[in-house]
Amino acid sequence: MMKFVYEQSVTRADALREMRERWEPAPRSRVVGLSDACGRVTSEEVRALHSLPVKRSSKRDGIAVRSADFAAGAPDTSSWTRDVDFAQADTGDDFPDAFDAVIAVEHIAYDEHGGLHIVEEPPDLQSGSGVNPCGSIVRAGDVLVAAHTRLTPELVASLAVGGHAQVRVLERPRVAFIPTGSELVPFGAYPQRGQNIEANSLLVSGMVRAWGAEVTCYPVVRDDEEALEAALDRALEAADIVLINGGSSRGEEDFNARLLERRGSYFRHGVRAVPGRPVGMALIEGRPVINVPGPVLAAFLSLDWLVRGLVAQFLGVPVPRRRTVRARLSEPVAKPEAFERLVRVSISGDATGEYVCTPLPQPMTLSQTLRSSDGMLTLPIGSTGAQAGEEFSVELLRPLELIEASWEEGEGLR
Ligand SMILES: Nc1nc2c(c(=O)[nH]1)N[C@H]1C(S)=C(S)[C@@H](COP(=O)(O)OP(=O)(O)OC[C@H]3O[C@@H](n4cnc5c(N)ncnc54)[C@H](O)[C@@H]3O)O[C@H]1N2
Ligand code: MOO
């Protein structure tokens with residue numbers, strides 16, 4: 001039986017660090033078309049293949065002229081001939097080499113005979129005035145994106161501007177998710193007495209995909225040690241990170257933690273944080289295998305602080321962070337001194353426009369909790385709680401505009 005032993009447990013920060021120090025991921029790369037590149041992470045630096053404009057282009061809608069004709073101020077242009085003395089050159093247009101400056105359309109007019117007039121002398125017209133020179137959009141050899149950059153729509157557009165149709169990106173880390181527990185039935189099934197709905201595969205899939213991983217969810221493994229080990233071996237062949245869900249604590253059928261201990265070159269059981277305390281962490285055949293606790297809220301947290309950090313490590317990117325707001329606690333919260341406590345809160349606005357956070361009342365159903373969680377705050381090890389009025393940095397679990405919109409609808413506690 002795998003008991004939680006406080007002395008053998010570590011803080012979340014130390015647990016993540018220990019795993020990251022021991023794991024040497026083996027990233028792979030592939031080439032994708034730019035249409036599929038958004039959100040992917042580059043595997044190498046990418047430079048521009050050409051310069052733009054190739055030669056030059058007009059900065060504004062206007063006409064291209066010879067700057068020399070304006071050396072002594074605006075000349076009489078009423079008899080000038082189009083494409084001989086001047087040429088049309090609108091924004092972005094190239095124009096013949098005979099010309100070297102552009103006058104904006106606001107500074108010219110045509111009379112009823114088609115004669116050109118400079119109505120307002122452009123100040124200080126020189127060679128190159130009103131002209132984007134070669135390479136002013138992009139220069140050949142410029143760095144377009146660094147290695148290990150998550151591609152935004154803007155950067156994908158920049159790659160196209162720099163001459164690319166494809167880009168080499170890191171393969172997404174492959175996460176295998178193995179739900180365990182004879183009581184679990186697939187979502188959509190009608191639960192009989194003693195059964196529970198397998199929901200964490202959906203939670204995990206959504207979370208790890210958002211961080212840039214791909215996920216394969218295995219069918220539920222019943223409480224049977226051999227069946228579990230067979231599933232683990234299958235997953236280790238195909239995945240970079242394996243998540244075994246459930247059976248992390250003390251029950252008779254909690255084989256999972258024991259299996260990790262037996263097979264792991266490294267093994268840790270338990271972190272000093274609630275919820276999510278009985279998480280198990282191992283390195284098996286050089287890969288992280290995490291025994292994620294079964295209850296949905298505990299599973300969420302193990303994914304959140306541990307698996308998120310591992311996915312980021314594989315991709316060589318900083319660990320993505322949630323947006324936070326500063327908010328005052330509306331009521332005191334107690335906690336065990338030896339553990340961090342992660343507190344789900346609702347967020348409201350007070351009369352002065354400041355944010356106020358309120359711990360979700362207990363007891364509360366899981367569905368109410370998931371619907372009412374606007375944010376989450378962390379109370380550190382060593383404190384016995386927090387007082388009303390204390391200010392915290394609250395991680396947002398849903399977008400602030402949705403939280404604020406729910407106040408306007410006067411929903412109160414959802
Ligand atoms: N006597 C003790 N009991 C428990 C302790 C303890 O210290 N002493 N620790 C508690 C804590 S804290 C947690 S967290 C849980 C950990 O549970 P397990 O990881 O062992 O998970 P199971 O026992 O297999 O299941 C618990 C619960 O979660 C449901 N579950 C499991 N997988 C899924 C899934 N994929 N989708 C949805 N729900 C799932 C499962 O049906 C059970 O209801 O242990 C406490 N107990
Ligand atoms: O560690 Mo557990 O149920 O408190 O998540």
Side-chain angles (χ1 to χ4, degrees), residues 1-2 4 12 15-16 19 173-189 191 194-211 213-236 238-264 267-271 273-284 287-311 342 366 369-370:
M1 248 196 267
M2 186 55 65
F4 178 89
R12 293 187 302 159
L16 177 58
M19 280 299 287
R174 299 160 305 180
V175 175
F177 179 75
I178 308 175
T180 73
S182 302
E183 79 285 7
L184 294 176
V185 292
F187 54 87
Q195 295 184 326
N196 195 9
I197 304 285
E198 197 292 297
N200 288 347
S201 56
L202 297 166
L203 180 82
V204 170
S205 303
M207 290 175 81
V208 305
R209 284 195 185 121
W211 300 323
E214 62 184 46
V215 60
T216 304
C217 294
Y218 285 63
V220 173
V221 175
R222 64 189 185 284
D223 293 319
D224 173 304
E225 211 155 355
E226 270 176 37
L228 178 66
E229 190 157 11
L232 171 65
D233 283 327
R234 259 205 328 280
L236 282 169
D240 300 297
I241 300 172
V242 179
L243 310 178
I244 299 179
N245 192 204
S248 67
S249 191
R250 303 187 178 185
E252 302 263 327
E253 289 155 346
D254 292 347
F255 319 117
N256 304 4
R258 285 204 305 263
L259 174 64
L260 263 58
E261 182 169 36
R262 179 162 59 77
R263 293 282 304 273
F267 174 71
R268 267 274 177 215
H269 185 244
V271 287
V274 290
R277 196 182 59 155
V279 60
M281 295 149 278
L283 267 184
I284 303 179
R287 280 155 221 204
V289 178
I290 311 300
N291 187 191
V292 175
V296 174
L297 298 177
F300 169 86
L301 285 171
S302 307
L303 277 248
D304 202 46
W305 66 263
L306 179 55
V307 180
R308 179 161 40 149
L310 297 176
V311 169
L342 293 124
L366 173 66
T369 304
L370 295 177

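We're numbering straight along the sequence, starting at 1.
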(request) Take Leu303 and Trp211 through the test side chain to side chain contact (heavy atoms under 4.5 Å, CB included) and record every step on the way to the result. (result) CA-CA 11 Å; Leu303 277 248; Trp211 300 323; 4.3 Å; yes
(request) Kindly give the heavy-atom pair with the smallest separation between Asp240 and Arg287, and that separation in Å. (result) O-CG, 3.4 Å
(request) Measure from the side-chain N and O atoms of Asn291 to the backbone N and O of Val279, and report whether any donor-acceptor pair falls under 3.5 Å. (result) no
(request) For the pair Val289 and Leu236, evaluate side chain to side chain contact (heavy atoms under 4.5 Å, CB included) and give the outcome as yes or no after the intermediate values. (result) CA-CA 9 Å; Val289 178; Leu236 282 169; 4.0 Å; yes
(message) Less than 4.5 Å apart, side chain to side chain, heavy atoms only: is that true for Val204 and Val292?
(response) no
(request) Work out which heavy atom in Pro293 is nearest to a heavy atom in Ala299; give both atom names and the distance. (result) O-CB, 3.4 Å
(request) Verify, without hydrogens or angle tests, whether Glu198 (side chain) and Ser201 (backbone) share a donor-acceptor contact under 3.5 angstrom. (result) yes
(message) Check whether Arg174 reaches the backbone of Ile241 with its side chain - one donor and one acceptor, N or O, closer than 3.5 Å.
(response) no
(request) Indicate the atoms forming the closest heavy-atom contact of Ala239 with Ala176, along with that distance. (result) CB-CB, 3.6 Å
(request) Find the distance between CZ (Arg262) and CD1 (Ile284) and round it off to the nearest 0.5 Å. (result) 9.0 Å
(message) Using 0.5 Å steps for rounding, measure from the CZ atom of Phe177 to the CE atom of Met207.
(response) 11.5 Å
(message) Please find the pair of heavy atoms, one from Arg222 and one from Ser182, that lie closest to each other, and give the distance.
(response) CB-OG, 3.6 Å
(message) Return the OG1 to CZ distance between Thr369 and Phe300, rounded to the nearest 0.5 Å.
(response) 12.5 Å
(message) Which heavy atom of His269 sits nearest to which heavy atom of Ala257, and what is that distance?
(response) CD2-CB, 4.1 Å
(request) For the residue pair Ile290 and Leu310, establish whether any side-chain heavy-atom pair is separated by less than 4.5 Å. (result) yes
(request) Could you tell me which non-hydrogen atom of Thr180 sits nearest to which non-hydrogen atom of Asn245, and how far apart they are? (result) OG1-O, 2.8 Å
(request) Answer yes or no for Arg277 and Phe4: cation-pi contact, defined as NZ/CZ to six-membered ring centre under 6.0 Å and angle to ring axis within 45°. (result) yes
(message) Quick one, Pro191 and Asn196 - any side-chain contact, counting heavy atoms below 4.5 Å?
(response) no
(request) Would you please test Glu225 and Asn256 for side chain to side chain contact (heavy atoms under 4.5 Å, CB included) and show each step? (result) CA-CA 8 Å; Glu225 211 155 355; Asn256 304 4; over 6 Å; no
(message) Distance check, rounded to the nearest 0.5 Å: Leu243 atom CG versus Tyr218 atom OH?
(response) 11.0 Å
(request) For residues Arg263 and Leu232, determine if any side-chain heavy atom of one lies less than 4.5 Å from a side-chain heavy atom of the other. (result) yes
(message) Looking at Asp304 and Arg12, is any side-chain nitrogen of the basic one under 4.0 Å from a carboxylate oxygen of the acidic one?
(response) no
(request) Using a strict 4.0 Å threshold on nitrogen-to-oxygen distance, state whether Arg234 and Glu229 make a salt bridge. (result) no
(request) First locate atom CD1 of Ile197, then atom CZ of Phe187, and finally report the distance between them rounded to the nearest 0.5 Å. (result) 10.0 Å
(message) What's the separation between atom CG in Asn200 and atom OG in Ser205, rounded to the nearest 0.5 Å?
(response) 10.0 Å
(request) Quick one: do Met281 and Leu306 satisfy side chain to side chain contact (heavy atoms under 4.5 Å, CB included)? Show the steps, please. (result) CA-CA 9 Å; Met281 295 149 278; Leu306 179 55; 3.5 Å; yes
